[in-house]
Amino acid sequence: MGIAAASGAREAHAGGFGIPEVGVRRTAMGAVIGRPDDPSAIYHNPAGMILEHGWTVYASCGLSLLNTEFELAPWEDSDQILGAHAQSDGYYSPVRPTRAYGVIPMVAITGEIIPDRLVVGVSAFVGNATGAAFADDAVTRYHLIDGYVVAPQAVAAASFRLTRTLSIGGSAGVMNIRVHGERLIYPFFNGSNISALIGNDSKLVLDGSGWAPTWMLSLFGQPHPRVTWGATLTGRVDATLNGPIALTYGKDSPTPGLVLNGLQRTDQLLPWAFMAGANVDITPKLELGGEGRYWLYRQYQEQQTHVVGIFFVSELDTPKDYHDSWEFSGGARLHDFLDAVPDLEVMAGMQYDHSPAPTSTETLDQPSFSHFGLHSGVRYSFGRWRVGASYLHYWYRIPTITNSVTDPPSDIRGSGGNNIMTLSVEAKL
């Protein structure tokens, strides 16, 4: 019974469990690791906090609005189970999520403890708060009806200047992962048709939550007044999500509406990640930067959920067979170019993100698609304040899948994009 239980529903994204689009420098320029010049450095490169002087309070919030459409291909006996017929092109009618969005908030405080030598910071952020839903009667109801994942994180960080040109940093914290998933049970289990027992429209609802420690080590260098670089190592996280699971028998079962309640335990992996970037001031008013991110998703081979209390299900396994994921991004920042508005910054950039998911194990409840992205944004400083705004658009490269091994198959084609809008404000105390 292929159910990606731990994921619930995740916004279509490639690079990993978390969304790296935190803060306006990242979402406007696409190059933050090599020069994290605001307190979002705690998230992207803690060693770069050495650029912060005095005490700073920072807040940012991003809103992600997904716009996508899927067409599902029939499988054996699917017309009978779904009560639908494929169109002349061989696919069911297109379906769109009734809800698909995410929020990306962050608050942070940094303080210079030893002038130009030691900076510390604390932050709370949500690297993943996304959800999606399809109509109860959509042809995707055996893949996903409703789901979300929320993963708030709290960290403490520090940056220490070792030499004039090199600083080290790191962060340590804790993450709380909460998931919810709802879908109909595909009535074929281990090759047997169990619809005579549970019906064709039995529903599974799963909830889970768990805590896990997190950490990051990082470097920040400035070998020349016009050149900076950064590198980070993010540790693997192995979280265990526990919670209830409920199965409600379908209307056409011998006992319609019967509810079986149990408990589930799901192991959730967040892989090792390596990131590096560099920024160069080409002129006193023009900065160029680029960065790369690499996630070791080769470790994510299977999603396992252990079930207690539902007599005919003891384990839910979903093959993943992920390969490593990577992303390259970069852009430009133009500043001090208008005499009338000297503290205005304009940024733009682009990115490519390569999905870790092979087409054979792609699922609608945990989509992961490669994409191109364009970044744009502005920041403006006045007095003790600096505010920023950005807009980032993804174009998803949704493949035409014909080799799905999920149960039921997730053979799809589609198109879609994502719009991420971010606002930030920071104040020097």
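Values below: every heavy atom of this structure, side chains too, minus hydrogens, waters and symmetry copies.
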Take the angle between the ring planes of [X] and [Y] and call it parallel below 30°, perpendicular above 60°, tilted in between.
X: Y394; Y: Y396; answer: perpendicular
X: W75; Y: Y92; answer: perpendicular
X: H354; Y: H323; answer: parallel
X: F382; Y: Y380; answer: parallel

May I have the step-by-step check of side-chain hydrogen bond (donor to acceptor under 3.5 Å, both in side chains) for T266 and T305, ending in yes or no?
CA-CA 4 Å; T266 301; T305 297; 2.9 Å; yes
Within the structure provided, determine whether [X] and [Y] are in side-chain contact (heavy-atom separation under 4.5 Å).
X: V57; Y: L429; result: yes
X: M275; Y: H44; result: no
X: L344; Y: F337; result: yes
X: Y58; Y: I42; result: no

S368 and Y322: which non-hydrogen atoms are nearest, and at how many Å?
CB-OH, 4.4 Å
If you take all heavy atoms of T361 and V405, which pair is closest and at what distance?
CG2-CG2, 4.0 Å
Among [options], find the residue that satisfies the side chain to side chain contact (heavy atoms under 4.5 Å, CB included) test when tested with [X].
X: S355; options: S370, P399, P367, S325; answer: S370
X: K203; options: L247, I185, L184, V259; answer: L184
X: F134; options: T98, V95, D365; answer: V95
X: L241; options: L206, V149, V179; answer: V179

A28: side chain to side chain contact (heavy atoms under 4.5 Å, CB included) partners, not counting sequence neighbours:
V24, M347, S390
By salt bridge (Lys or Arg N to Asp or Glu O under 4.0 Å), R161 pairs with (sequence neighbours left out) D116
S360: what forms a side-chain hydrogen bond (donor to acceptor under 3.5 Å, both in side chains) with it, not counting sequence neighbours?
none
Given R333, E287, R35, the one that forms side chain to side chain donor-acceptor pair (under 3.5 Å) with N279:
E287
Checking R379, R384, R386 against E426 for side chain to side chain donor-acceptor pair (under 3.5 Å), the one that qualifies is R386
Tell me whether R25 is salt-bridged to E345, with the criterion being a basic N under 4.0 Å from an acidic carboxylate O.
no
Take W272 and F274 through the test ring pair (Phe, Tyr, Trp, His ring centres under 6.0 Å) and record every step on the way to the result.
CA-CA 7 Å; W272 294 88; F274 307 90; 7.1 Å; no
For the CH2 atom on W215, are there more than 12 heavy atoms of other groups (residues, nucleotides or ligands in this structure) within a distance under 6.0 Å?
yes
